[in-house]
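Beneath this line is the structure, given in C-alpha cells, with notes to follow.
Given the structure is predicted, the values throughout are model-derived calculations rather than measurements. Just so you know, residue 1 is the first one in the sequence shown, and it goes up from there.
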Amino acid sequence: MAEALRVGIAGLGTVGASVARVLRDKAAELTRQCGRDIIVAAVSARDPKRDRGIDVSSAKWFDDPMKMAQTAEIDVFIELIGGDEGPARLSVKAALEAGRHVVTANKALLAKHGVALAEIAEKKGVLLNYEAAVAGGIPVIKTMREAMAGNSVTRVFGILNGTCNYILTRMEAEGISFDACLKDAQRLGYAEADPTFDIEGHDTAHKLSILTSLAFGTKIAANDIYMEGISNITQADIRAAGDLGYRIKLLGVAQRTESGIEQRVHPTMVPTASVIAQVHGVTNAVAIETDILGELLLSGPGAGGNATASAVIGDIADIAKSRPGFQHGPVFGRPAKELRPYKKAQMRSHAGGYFIRLTVHDRIGVFAAIAKRMADNDISLESIVQHAVSGEAAAQKTVILVTHETTEAAVRKAVDGITKDGHLTDKPQVIRIERAG
C-alpha cells in the first residue's frame with residue numbers, strides 16, 4: 001500500500017469540522033477506495049480552545065495557516081478559511097509554490113485569483129481542486145472538467161444559491177413577503193446576518209464566473225457579469241408568474257453568442273413544467289447544454305456542512321488516488337496560459353421575452369401611451385392584462401405585459417419612456433422569461 005496521504009485543514013468551522021469528522025469516521029472505507037490511508041496531520045484555526053465537536057488533538061496545531069501551508073509535514077492543504085484576500089489567498093499561494101496539492105471551497109478566491117493560482121499549480125505539477133466552491137455537494141466541476149471531453153458547451157445555467165431559492169420557494173408556497181421570508185431564513189441559518197452577498201446575486205455571480213471559464217475556455221471575469229438580486233421581488237410578481245404558467249427563480253446564465261460570451265445573474269421566470277422549476281428550498285441545480293450530450297441537469301444539496309464536506313472529501317480522494325509522476329489535468333479544463341481573454345457579448349435579443357409589471361394611474365390615455373412606447377421601440381407584445389388595485393390604491397391599476405423576443409435595450413428604453421411620461425405610481429418591474437429544460 002502507498003504511503004498515507006497527510007492533509008492539513010485550515011479553518012475548522014462547520015465545513016472544516018465536518019471534513020475532519022468524515023475523514024475519521026470513514027477512514028477504513030476511504031482507504032479501501034483510495035488504496036492508501038488519509039490522515040489529518042495538521043490543523044489551523046483562530047481559536048485552539050474552541051469546542052468543535054471533533055477531537056483533532058492528534059494533529060499538529062498551527063496558529064498561522066501560512067506556516068502550515070509550507071510545512072513538509074503535509075501533502076495536501078485544505079483551505080476553508082474564506083475570503084478572496086488575506087490568509088486564504090496567501091496560504092493557498094504558498095502551498096502551491098511549496099509543491100503541495102490544494103483543495104478549496106472558496107469561490108470568492110477563485111473568482112478573483114483562480115487563473116493566477118492555476119498557473120502556479122500547473123507549473124508545479126500539483127492539483128488545485130475546488131468542487132465544493134460551486135453548488136455544494138453537486139459534482140458539477142468534475143463533470144465539466146473530466147466527464148464531458150469532446151463536448152462543446154453552448155449554455156450553462158442554474159440555481160446556484162440556496163438562500164435565494166429558499167426565499168422564493170416560501171414566498172410562492174405560503175404567500176408571504178420577501179422580508180418575512182428573509183427573517184425566517186436568517187433564524188434558520190440559511191441566510192447570514194448581512195444577507196447582501198446572497199440576495200443581491202454576488203454569490204451566484206462568483207460561482208457562475210467559474211462555470212463560464214470551464215464551459216468556454218475563457219479567463220474568469222466575475223466583474224463582467226450583469227447582476228440583479230431578488231430583494232425587489234413581490235407577491236404581485238409571484239402571483240402574476242403563476243397565472244402566466246411560470247415560476248420565479250434566481251438564475252445564473254452563461255451562453256456563447258456570435259459576439260462573445262454572455263454572463264448574467266437575475267430573477268427569471270421559468271415554465272412551471274420545466275425541470276428546473278421543480279427545484280425547491282435550499283437545493284441547487286446546474287444545467288449544461290452541449291452539442292453531443294444535449295442537456296444535462298445536475299441537482300442536489302448546494303450548501304451546508306455535510307454537502308460541502310462531501311465535495312471536499314471527493315477532491316481529497318482524487319488526490320489520494322493519483323500517484324507520483326502522474327500528469328494532472330489543467331485546473332480549468334484547459335491549460336491556464338491558454339485560457340482566452342473574456343469577450344463580453346453585445347446586447348442581443350432575449351429568446352424568452354420579458355415580463356413587465358407597471359403600477360399606473362387609473363386614468364384615460366395611460367393604456368394607449370404604454371402601447372405606443374412599446375411600438376416605438378419595436379416591441380411585440382404576446383399579452384397585456386390590466387388589474388384594478390383595491391383599497392386605498394383604488395385610483396391605480398396594475399398593467400402586466402409579456403413581450404415576444406426583443407432586446408434588453410429596447411425594453412429598458414420603453415420602460416424609461418413610460419416612467420418619464422409620469423404614468424407610474426411605483427417602480428416598474430422587469431423580469432426575463434428563460435427557456436428551460
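Panel note: side chain Glu131, backbone Val140; a donor-acceptor pair is recorded below 3.5 Å. Under the 3.5 Å distance criterion, the side-chain polar atoms of Thr272 are left unmatched by any main-chain donor or acceptor of Tyr246. Using modelled atom types, no side-chain atom of Asn161 and backbone atom of Ile199 make a donor-acceptor pair closer than 3.5 Å. The backbone N or O of Ala336 sits less than 3.5 Å from a side-chain atom of Glu122, completing a donor-acceptor pair. Ser310 places no side-chain N or O within donor-acceptor distance of the main-chain N or O of Asn306, the cut-off being under 3.5 Å. Asp198 places no side-chain N or O within 3.5 Å of a backbone atom of Ala191 that could act as its donor or acceptor partner. Of the possible polar contacts, one joining the Arg52 side chain to the Leu12 backbone as a donor-acceptor pair under 3.5 Å is found. Within the 3.5 Å criterion, the main-chain N or O of Ala98 finds a donor-acceptor partner in the side chain of Arg100. Remark: side-chain polar atoms of Ser91 are paired, donor with acceptor, to backbone N or O of Pro87 under 3.5 angstrom. Side chain of Ser213 to backbone of Ile210: no donor-acceptor contact under 3.5 angstrom is found.
Considering only heavy atoms from C-beta on, Val265 stays 4.5 Å or farther from Glu228 through its side chain. Using a 4.5 Å cut-off on side-chain heavy atoms (C-beta onward), Leu251 and Ile159 make contact. Two residues are said to be in side-chain contact when any heavy atoms from C-beta on lie closer than 4.5 Å; Gln429 and Ile431 meet this criterion. In this structure, the side chains of Val156 and Glu289 stay at 4.5 Å or more apart for every pair of heavy atoms. At a threshold of 4.5 Å between non-hydrogen side-chain atoms, the residues Asp75 and Val7 do not count as touching. Side-chain contact between Asn165 and Ile167 is absent, with no heavy atoms from C-beta onward closer than 4.5 Å. Between Glu382 and Thr403, the closest side-chain pair of non-hydrogen atoms is not below 4.5 Å. Side chains of Asp84 and Arg89 form no contact here, defined as non-hydrogen atoms less than 4.5 Å apart.
A salt bridge links Lys60 with Glu73: the closest approach of a Lys/Arg side-chain nitrogen to an acidic carboxylate oxygen falls below 4.0 angstrom. Ion pair Asp184/Arg187 flagged as a salt bridge, since at least one NZ, NE, NH1 or NH2 atom sits closer than 4.0 Å to an Asp/Glu carboxylate oxygen. In this structure, Asp203 pairs ionically with Lys107, as a charged nitrogen and a carboxylate oxygen lie closer than 4.0 Å. Between Glu262 and Lys344 there is no salt bridge, since none of the side-chain N atoms of the basic residue sits less than 4.0 Å from a carboxylate O of the acidic one. A salt bridge links Glu434 with Arg155: the distance from a Lys NZ or Arg NE/NH1/NH2 to an Asp or Glu carboxylate oxygen falls below 4.0 Å. A salt bridge between Arg170 and Glu172 is absent, with no side-chain N of the basic residue lying under 4.0 Å from a carboxylate O of the acidic one. A salt bridge links Glu29 and Arg32; the closest N-O separation between the charged side-chain nitrogens and carboxylate oxygens is under 4.0 Å. Between Arg432 and Glu408 there is a salt bridge, since at least one side-chain N of the basic residue sits less than 4.0 Å from a carboxylate O of the acidic one.
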Could you give me the CA-CA distance, side-chain angles and deciding distance for Ile141 and Leu211, then say whether side-chain contact (heavy atoms from CB on, under 4.5 Å) is met?
CA-CA 8 Å; Ile141 303 301; Leu211 294 179; 4.2 Å; yes
Can Ile38 and Ile316 be said to form a side-chain contact (heavy atoms from CB on, under 4.5 Å), step by step?
CA-CA 9 Å; Ile38 301 173; Ile316 296 170; 4.0 Å; yes
Dump the intermediate steps for side-chain contact (heavy atoms from CB on, under 4.5 Å) on Leu109 and Glu79, then the final yes or no.
CA-CA 10 Å; Leu109 175 68; Glu79 186 275 307; 4.0 Å; yes
Go through the steps for Asn106 and His113 under the test side-chain contact (heavy atoms from CB on, under 4.5 Å), then give the verdict.
CA-CA 11 Å; Asn106 193 335; His113 302 292; over 6 Å; no
Let me see the working for Asp426 and Thr359 under side chain to side chain donor-acceptor pair (under 3.5 Å), right down to the final yes or no.
CA-CA 6 Å; Asp426 201 355; Thr359 306; 4.8 Å; no
Check against side chain to side chain donor-acceptor pair (under 3.5 Å), Thr419 and Asp416:
CA-CA 5 Å; Thr419 303; Asp416 286 347; 5.1 Å; no
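Ring planes of Tyr130 and Phe332: tilted class, angle from 30 to 60°.
Around CZ of Arg24, the count of heavy atoms belonging to other residues, nucleotides or ligands within 6.0 Å exceeds 12. Environment of CD in Glu192: sparse, with no more than 12 heavy atoms of neighbouring residues, nucleotides or ligands closer than 6.0 Å. By the neighbour-count criterion of 12 heavy atoms within 6.0 Å, atom NZ of Lys321 is densely surrounded, having more than that number from other residues, nucleotides or ligands. Surrounding CG of Asn223 are at most 12 heavy atoms belonging to other residues, nucleotides or ligands under 6.0 Å away.
We find the CD1-CE distance between Ile9 and Met68 to be 8.0 Å, quoted to the nearest 0.5 Å. Rounding to the nearest 0.5 Å places CD1 of Ile225 at 12.5 Å from NZ of Lys207. Separating the CD1 atom in Ile220 from the OG atom in Ser209 is a distance of 5.5 Å, to the nearest 0.5 Å. Annotation: the span from Ile400 atom CD1 to Leu358 atom CG amounts to 9.5 Å, rounded to 0.5 Å.
A donor and an acceptor atom, one from each side chain of Gln235 and Ser177, are nowhere located under 3.5 Å apart. The closest side-chain donor-acceptor pair between Lys427 and Asn232, if any, does not fall under 3.5 angstrom. Under 3.5 Å, the side chains of Thr268 and His266 contain a donor-acceptor pair of N or O atoms.
Among all heavy-atom pairs drawn from Gly260 and Ala345, the shortest one is C-CB, 3.8 Å. Residues Ile54 and Ala20 come closest through the heavy atom pair CG1-CB, 4.1 Å.
Judged by a 6.0 Å distance limit and a 45° cone about the ring axis, Arg357 is not positioned over the six-membered ring of Phe355.
In this structure, the ring of His206 has its center less than 6.0 angstrom from the ring center of Phe197.
Applying side chain to side chain donor-acceptor pair (under 3.5 Å) to Asn129 and the options His101, Arg145, Lys142 leaves one that passes, Arg145.
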